[in-house]
Protein chains: 2
Amino acid sequence: MIYSSELIKGTLKTIVLKLLSDNTRMYGYEITQKVKELTFNKIQITEGALYPTLHALESDGLVTTETEYIGKRVRKYYRLSESGKGKTVEKVNELADFMETMVFLLDLKPRVAAL
Amino acid sequence: MIYSSELIKGTLKTIVLKLLSDNTRMYGYEITQKVKELTFNKIQITEGALYPTLHALESDGLVTTETEYIGKRVRKYYRLSESGKGKTVEKVNELADFMETMVFLLDLKPRVAAL
DNA sequence: AAAGATACATAAGAATATTATGTATTGATA
DNA sequence: TATCAATACATAATATTCTTATGTATCTTT
């Protein structure tokens, strides 16, 4: 089962930032695979969503990039900037808070073991 | 603190359906106030978001409506249809599942007491 | 040799929110 | 009693952010 895409909306940027905060640096394709792996295929980030998001993070100064060649193939690494680190904490905290609120609002506690 | 709007995206329809499943029938303004109250002002549903959503639920056959006059002021009640009840269970379950996945993906467990 | 995986990117379109605006009634207050 | 806030609906222009489709190219496995 893959989540209906609308749920991903609004959380993609936070997911990307959090992964970058755990991994020093990552490249786009790696991010898609890591998310797929960590979510047991439940979340599949499409390229059309990811690359514009990464470019936005860069133009907002939250990440810096390093382009490298693996053979003849280009690979673009993304790394959190200092402001990106701060932003990550903010976004993750906000999402955690939001999720607590949703658990209460939708009374999810009794039906979800892991929450 | 009010959540940045992007988080609401994708959850609004689920919130509305769940409230309707708990309350027999509700009208639009009532829904905005109930959400505000239950979330201690953290989630404020704007009218520009709510009314189109309610109209979409109606045109999808998930809710039925009853218009009543309170004095001279019109009030439009929304009530879940049978298919709406089924859809509500689906959407709430999916959201709960998604949130479990996010807790794992973003490692939120250690930082959020209520989760 | 071909297919699938790796790796980037962009563009057209859809969905869904924000912000602004509009209409109108009712209740509270100065 | 005039005015403001709250109640109650609705829509339109705009913005954001995703999907889907398309494009290019390399590398690996069969």
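Chain identifiers are assigned alphabetically (A, B, ...) following the order of the sequence lines, protein sequences preceding nucleic acid strands; residue numbering begins at 1 within each chain.
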Worksheet item: Tell me: CG of Leu50(B) to P of dT18(C), nearest whole Å?
Response: 11 Å
Worksheet, complete the sentence: Per atom distances to the Tyr78(A) side chain, the nearest of dT18(C), dA9(C), dA8(D) is dA9(C)
Worksheet, complete the sentence: Rounded to whole Å, CD1 of Ile70(A) lies from P of dC27(D) at a distance of 10 Å
Worksheet item: Of the nucleotides dT10(C), dT19(C), dA8(D), which one has an atom closest to the side chain of Pro52(A)?
Response: dT10(C)
Discussion item. If you only use heavy atoms from C-beta on, which nucleotide in dA17(C), dA10(D), dC8(C) is closest to the side chain of Ala49(B)?
Written reply: dA17(C)
Practice prompt. Give one of base, sugar-phosphate or nothing for Glu30(B), where a contact means two heavy atoms less than 4.0 Å apart.
Written response: nothing
Worksheet item: Does Asp97(B) use its side chain to pair, donor to acceptor, with the backbone of Asn93(B) at less than 3.5 Å?
Response: no
Worksheet item: Counting only distance, no hydrogens or angles, is the base of dT26(C) paired donor-acceptor with the side chain of Arg73(B) under 3.5 Å?
Response: no
Fill in: Residue Lys34(B) excluded, over 12 heavy atoms near NZ under 6.0 Å
no
Discussion item. In whole Å, I'd like the distance from the OH atom of Tyr77(B) to the P atom of dC9(D).
Written reply: 9 Å
Worksheet item: Has Lys72(A) got a side-chain N or O lying under 4.0 Å from the OP1 or OP2 atom of dA7(C)?
Response: no
Response to the item:
Lys9(B) has its side chain closest, among dT17(D), dA8(D), dC27(D), to dT17(D)
Worksheet item: Can you tell me how far P of dT18(C) sits from CD1 of Ile45(B), to the nearest Å?
Response: 9 Å
Worksheet item: Taking CD from Glu66(A) and P from dC8(C), how many angstroms apart are they, rounded to a whole number?
Response: 13 Å
Worksheet item: Mapping Gln33(B) and Leu54(B) to their closest nucleotides on DNA chain D, which lands nearer the 5' end?
Response: Gln33(B)
Discussion item. What is the separation between atom CE on Met26(B) and atom P on dC9(D), rounded to the nearest whole Å?
Written reply: 11 Å
Discussion item. Can you classify the ring geometry of Tyr27(B) versus Tyr77(B) as parallel (below 30°), tilted (30 to 60°) or perpendicular (above 60°)?
Written reply: perpendicular
Worksheet item: Can you tell me how far P of dT17(D) sits from NZ of Lys13(A), to the nearest Å?
Response: 5 Å
Worksheet item: What nucleic acid atoms does Gly48(B) come within less than 4.0 Å of, heavy atoms only: base, sugar-phosphate, or nothing?
Response: base
Discussion item. Does dC9(D) have its OP1 or OP2 closer than 4.0 Å to a side-chain nitrogen or oxygen of Tyr51(B)?
Written reply: yes
Worksheet item: When you check the phosphate oxygens OP1 and OP2 of dT10(C), does a side-chain N or O of His55(A) lie under 4.0 Å from one of them?
Response: yes
Item to complete: Could you please name the option among dA5(C), dC8(C), dA10(D) that lies closest to any side-chain atom of Val74(A)?
Response: dC8(C)
Fill in: Value rounded to 0.5 Å, distance of CG in Leu19(B) from OH in Tyr78(B)
14.5 Å
Worksheet item: Does the pair Glu68(A)/Arg25(A) count as a salt bridge with the N-to-O cut at 4.0 Å?
Response: yes
Item to complete: In whole angstrom, give the distance that lies between atom OH of Tyr69(B) and atom P of dC9(D).
Response: 12 Å
Worksheet item: Can a side chain N or O of Arg75(B) be found less than 4.0 Å away from OP1 or OP2 on dA8(D)?
Response: yes
Practice prompt. Would you mind telling me which of dT26(C), dA17(C), dC8(C) lies closest to the side-chain atoms of Thr53(B)?
Written response: dA17(C)
Fill in: Ion pair check, Lys87(B) and Asp60(B), cut-off under 4.0 Å
no
